[in-house]
Structures are given as C-alpha cells and as structure tokens.
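Only one structure is covered here, and it is reproduced in the block below.
In what follows, every heavy atom counts, from backbone to side chain, and hydrogens, waters and symmetry copies are set aside. Sequential numbering from 1 along the given sequence is applied to the chain's residues. Each ligand, and each atom within it, is numbered from 1 in the order the structure gives.
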Amino acid sequence: MNEFGMKIKQIRIKNGLTQKEFANSLGYKSKSTINKIEQGINDISYDKLMDLLNKYNEDLDYLFGCDSKLNVSPKSNDSRLFISFSAKSDGNSFQIIKHYMTEKDDYILFKDINFHACCKCNYECMKNNCKYRFDDVYKLYDLLNKYKKIYLIIPMYGGNPSSLYFIFNERSQDYFMHNDNYEDIISKMFFIGIYGSKEEHPYFLKHFEDLYHCKECDKHILGIERHKYNLKLDDSIMSIEEIKKALNKFID
Ligand SMILES: Cc1cc2nc3c(=O)[nH]c(=O)nc-3n(C[C@H](O)[C@H](O)[C@H](O)COP(=O)(O)O)c2cc1C
C-alpha cells in the first residue's frame, strides 16, 4: 500500500464506509476498484478525485502530503529539540525556548504542526495502521530519535497538562507499536511543567513521572510552580532568579 492509497483508505474509514459503499458513492460499479486504489495498484482519475474531495470535504494538500508544517532537522549530533505544548506563541513556554536555544538546536510549537487527536477513529491503530499516520505527529516521533535531548515544555490548563500534550502522548500508542525505540526516546526526554503549585495539584507532575517509574524523576522532570512566586497569568517566569537557576541546572 502506498501513501496515497493509505490516505484514500483513511478517508473511507473516517466516514465509516465499506469499500462497496465508498465505491458506489463515487460512481464505481465494483468495490475492487477502490480496493486497487487503496492498494496502490490503480490510479484514480482526475474527475473521481475531485468528486471525492468535494463529497468528503478533504484537502488536496493533505492527500498529496503537502501540508506538513514540521520543517526541522538536527544540525549536529548534539542538537537539542525544544517543544512547546502551549497554545500561546510567545508565552512562558516560548520564553524558555528563546532563552536556552542555541544555533545548533531546533524548536517546535506543537500547536502549529499538522496534528490529529486520537478521536473520530475506530481504533484502527490496534488492527492495522493509525489513519492519521501521515500527519506531523508520527513524523515528530521519528524525528525525536535524531536529537540528543528533547525538552518538552508543558503548561497546566485546567489542572492538567495542556490538551496539546495529551494529543502528542496518546499518539505514542501507534508509534511505539511499530517501533521498538521506546526506551531510547524516553531516556532523551526532559519535561518542564509550568503549573500553579504542587500543594494544589499534587498529580500534575505525576503524568510525566509515571514514564520513569519513579526512577531518575528529578533528572527528567522539572516543575515550575507559578503560585510560589505569586505569578499571574501574563507574568514572566523568566523574571524570577530562582526559576532561572533551576532551569539553568536542568537544561544543559
Ligand atoms: C485554558 C487555560 C487554562 C489554564 N489553567 C490553569 C490552571 O488550572 N492552573 C494554573 O495555575 N494555570 C492555568 N493556566 C495558566 C498557564 O498555566 C500559564 O499561563 C502558563 O504560563 C502557561 O504557559 P504559556 O505562558 O507558555 O502559555 C491556564 C491557561 C489557560 C490558557
């Protein structure tokens, strides 16, 4: 199955259709035509392709893989990758990135890449391939391996890690089912959680601590408690010397 065929299949599954139903909706007489397109044996005609895009509200860029927003690649063996899981482009998460990034490093604002949450699916990843296999999240997991260290900066939203982090995390189910580099990637990850306070939210950092089974948690996880310094929503955490010191020690 080629990438194009796989995407056609994803569109069919996403719409809850059998090959026969999908074929009929596009005016094909037999389901075997769709089967051959999905398998990459046959091409689809221009007219049918336009019909499919209109009927199923799909995007030509997505179908032909032109919609990736992930354009980083490590410049050297010791390049580090910073990932912000904030919805804000220039908030505290980005301030940390700006302060610590060097020329050889890269950063990603997760909100700006092409991602899909594990929803509107039928657990396809458990049976075959995740139907969102060609968005940027899978590519991002592949990229992680190439960096020396990965810093994930995760703000608290509504008492929990932001939903962008959950999207990233849940897609690991599909990635690690097909790749056996879980331990390698986990060992390169370093979590910076920006939250209210440990007292109010004792479980916030637990989300990340569980990945390390309580081993080396201090090495891999840093919690920045805003309430400890009376910091309001728009206050800068980088203005606090004690926080900067903790970050200096954590990020190397
Ligand atoms: C939707 C939303 C929910 C939030 N919920 C909380 C919260 O429950 N507790 C908290 O201390 N801060 C909360 N915050 C504040 C963020 O954690 C804070 O702004 C932090 O600095 C986020 O990093 P950023 O500046 O990179 O976005 C929330 C912010 C947003 C946008």
**OP:** Report, in ascending order of atom number, the atoms of ligand 1 lying under 4.0 Å from any heavy atom of G196.
**Re:**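 Once the distances to G196 are compared, the set is 11 (O).
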Original post:
Think R80 forms a cation-pi with Y147, using NZ or CZ under 6.0 Å from the six-ring centre and within 45 degrees of its axis?
Top reply: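 No, a cation-pi geometry is absent between R80 and Y147.
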**OP:** Compute both the distance and the angle, then confirm whether K48 meets the cation-pi test with Y28: under 6.0 Å from the six-membered ring centre, within 45 degrees of the axis.
**Re:**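 K48 over Y28 ring: yes.
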Tell me which protein heavy atom sits closest to [atom], plus the residue, atom name and distance to 0.1 Å.
| atom | value |
| --- | --- |
| atom 5 (N) of ligand 1 | G158 N, 2.8 Å |
| atom 25 (O) of ligand 1 | N92 N, 2.8 Å |
| atom 19 (O) of ligand 1 | L233 CD2, 3.1 Å |

Original post:
How are the rings of H116 and Y132 set relative to one another: parallel (under 30°), tilted (30 to 60°) or perpendicular (over 60°)?
Top reply: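 Rings of H116 and Y132: parallel, as their planes differ by under 30°.
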Subject >> Among Q10, R12, K9, K7, the one residue meeting side-chain hydrogen bond (donor to acceptor under 3.5 Å, both in side chains) with E38 >> reply: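 Looking at Q10, R12, K9, K7, the match for E38 under the side-chain hydrogen bond (donor to acceptor under 3.5 Å, both in side chains) is R12.
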Is the closest N or O pair between [X] and ligand 1 shorter than 3.5 Å?
| X | result |
| --- | --- |
| S86 | yes |
| R226 | yes |
| F94 | no |
| P155 | no |
| G91 | no |

Subject >> Short side-chain donor-acceptor distance under 3.5 Å, N35 and S32 >> reply: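 No, no side-chain donor-acceptor contact under 3.5 Å.
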Original post:
Between the side chains of N179 and Y138, is a donor N or O closer than 3.5 angstrom to an acceptor N or O?
Top reply: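 The criterion, which ignores hydrogens and geometry beyond distance, is satisfied for Y138 and N179.
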Heavy-atom nearest neighbour of [atom] within options [options]:
| atom | options | value |
| --- | --- | --- |
| atom 9 (N) of ligand 1 | H201, H227, M156 | M156 |
| atom 3 (C) of ligand 1 | Y157, Y195, F204 | Y157 |
| atom 8 (O) of ligand 1 | S163, G193, G159 | G159 |

Original post:
In terms of hydrophobic clusters joined by side-chain contacts under 4.5 Å, are L205 and F168 together?
Top reply: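 Yes, same cluster.
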Subject >> NZ on K149 to NE2 on H220, rounded to 0.5 Å >> reply: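 Answer rounded to 0.5 Å: 9.0 Å.
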